[in-house]
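First listed ligand is number 1; within each ligand, the first listed atom is number 1. Starting from 1, each residue takes its place in the sequence as its number.
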Amino acid sequence: MSKSCYILKMRILAIETSCDETAIAIADFSGTKNQPRVKVWANVVSSQVKLHARYGGVVPNLAKREHQKNLVPVLLKALEEAGLNPKVKTQKSKLQVKIKKIEEILQREDILLKRFKKEILKINPPEIGVIAVTVGPGLEPALWVGVNFAKALAHLWHKPLTPVNHMEGHIYSAFLQPPRHSELSEEFLRNSSPSFRMTSPVFPTLALLVSGGHTELVLVKDFGKYQIIGETLDDAAGECFDKAARLLGLPYPGGPEIAKLAEGVSYSVMASPAPEQIRYGARNDPTINITLPRPMLNSKDFNFSFSGLKTAVLYLLRDLEKQKIDVKKLCPAIAREFQDAVIEVLIKKTLAAAKEYKPKTIILGGGVAANKRLRKEFETAVKKNLLHVTYLLSPAFLTGDNALMITLAAFFTGKKKDWNEIKTEANLKLGK
Ligand code: KG4
Ligand code: ZN
């Protein structure tokens with residue numbers, strides 16, 4: 001009997017603080033790894049995005065401070081949603097011994113320590129089997145808050161701890177599929193704590209992961225076995241969306257803003273040529289043709305490069321201004337062309353990789369996978385070009401950072417580790 005046939009049953013509480021979302025989820029897993037069932041009790045995300053928007057991007061130390069403020073209320077909310085209502089302790093005898101160690105663990109997180117002492121020490125340990133925590137990749141100061149919080153909880157409640165790679169979370173979120181006839185949304189989970197089967201992973205799986213910090217094509221050979229077959233050489237796709245949006249005068253995060261702006265503009269993405277240079281029509285031409293490059297579209301490898309695309313937007317705007325063309329009017333068309341350029345490169349590279357590696361399943365995940373146009377074009381391209389390949393999309397509300405995806409990654413690949421040995425790895429890579 002292979003390892004994955006063992007019947008498993010576990011309740012996982014996961015903590016995610018790799019960037020600007022403070023997130024905690026609680027889920028029960030049962031069945032085997034090949035035929036898992038999951039009951040989602042809580043999936044709480046507290047976003048700091050409005051705060052960072054003022055600075056045009058995530059400020060690591062500000063993120064650290066906000067995580068410290070948010071973790072305790074987010075945990076209490078998750079426990080309440082899960083019906084694990086924290087009961088106040090009556091016995092205080094053993095607590096003094098634990099407090100010393102917790103003060104040591106949270107010595108660099110003074111705001112969190114205060115809240116922890118006030119609100120967490122007094123409650124009884126909830127019925128949780130394992131605590132999972134994101135250890136990387138991400139922003140070092142932000143990651144440490146989550147990891148130290150997880151260590152303090154593991155110590156206080158006597159629970160095992162599992163370190164999780166954030167990118168694994170983006171992969172396994174795609175296996176959580178909507179029950180028939182219903183849309184899997186945040187509200188749906190909150191209102192019904194649903195229990196459902198998950199799609200059984202079939203390997204090899206090819207995952208296109210597109211987020212603010214990463215753009216990777218990952219071959220998943222088995223649970224926890226990865227090979228990165230392509231990645232960005234410079235900016236990630238999400239980062240490029242954010243930078244291009246800034247050039248267009250749009251707020252952070254730029255991805256959804258560009259998508260919104262591009263929505264009303266109609267011309268076909270795949271029909272457009274892929275020139276190396278920007279071309280656009282002469283001044284006063286009512287049909288100004290805005291064309292941006294598709295970087296590395298025809299390179300023989302599966303790597304990406306997006307920083308040139310952002311620079312192309314910069315030059316285009318500069319040239320239009322020089323010619324006294326009303327740039328504001330053209331912003332939707334530029335947004336649309338920019339989005340099309342990113343999508344075309346992502347899809348064509350993924351199809352080329354699929355031809356070479358012949359996966360049985362294709363996955364799209366990460367923050368940029370929220371992009372409706374990308375979701376649609378990607379699905380159409382897979383259905384048309386890769387017969388017999390199962391196509392799995394992360395449910396839209398799980399594309400951005402969340403902790404439910406960390407429970408999923410912990411279930412499929414988690415290994416308990418002595419918490420003294422757990423540390424953050426800002427540049428953690430899959431397959432290493
Ligand atoms: O995975 P994620 O939430 O955080 C990281 O792990 O980086 O990804 C965030 C990124 C941001 O760059 C954001 O602009 C982008 O995902 N994003 C989008 C959309 N929604 C979020 N990009 C394009 N279209 C969207 N609709
Ligand atoms: Zn992410």
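Contact annotation: the side chain of V49 approaches that of Y252 to within less than 4.5 Å [non-hydrogen atoms, C-beta and beyond].
A salt bridge does not link R294 with D340: none of the charged nitrogens is closer than 4.0 Å to a carboxylate oxygen. Between R318 and E321 there is no salt bridge, since no side-chain nitrogen of the basic residue lies less than 4.0 Å from a carboxylate oxygen of the acidic one. Contact check on R373 versus E377 returns a salt bridge, with a Lys/Arg side-chain nitrogen under 4.0 Å from an Asp/Glu carboxylate oxygen.
Contact between E21 and ligand 1 is absent, with no heavy atom of the residue lying under 4.0 Å from the ligand.
With respect to the Zn ion (ligand 2), D401 has OD1 as its nearest N, O or S atom.
Per-residue contacts place H166 under 4.0 angstrom from the following atoms of ligand 1 (heavy atoms of the residue considered): 6 (O). Of all atoms in ligand 1, listed by their number and element, those nearer than 4.0 Å to a heavy atom of P253 are 14 (O).
Taking each of G367, G255, G400 in turn, the one with a heavy atom nearest to atom 16 (O) of ligand 1 proves to be G367. Evaluated by nearest non-hydrogen atom to atom 14 (O) of ligand 1, the leading choice among N402, D242, V210, V368 is D242.
Of the protein's heavy atoms, N371 ND2, 3.1 Å lies nearest to atom 24 (N) of ligand 1. If you check which protein heavy atom lies closest to atom 7 (O) of ligand 1, you get G212 N, 2.8 Å. Nearest to atom 2 (P) of ligand 1 among the protein's heavy atoms is D401 OD1, 3.5 Å.
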From CA spacing to verdict: salt bridge (charged side-chain N to carboxylate O under 4.0 Å, His left out), E80, K77: CA-CA 5 Å; E80 198 192 315; K77 188 161 184 239; over 6 Å; no
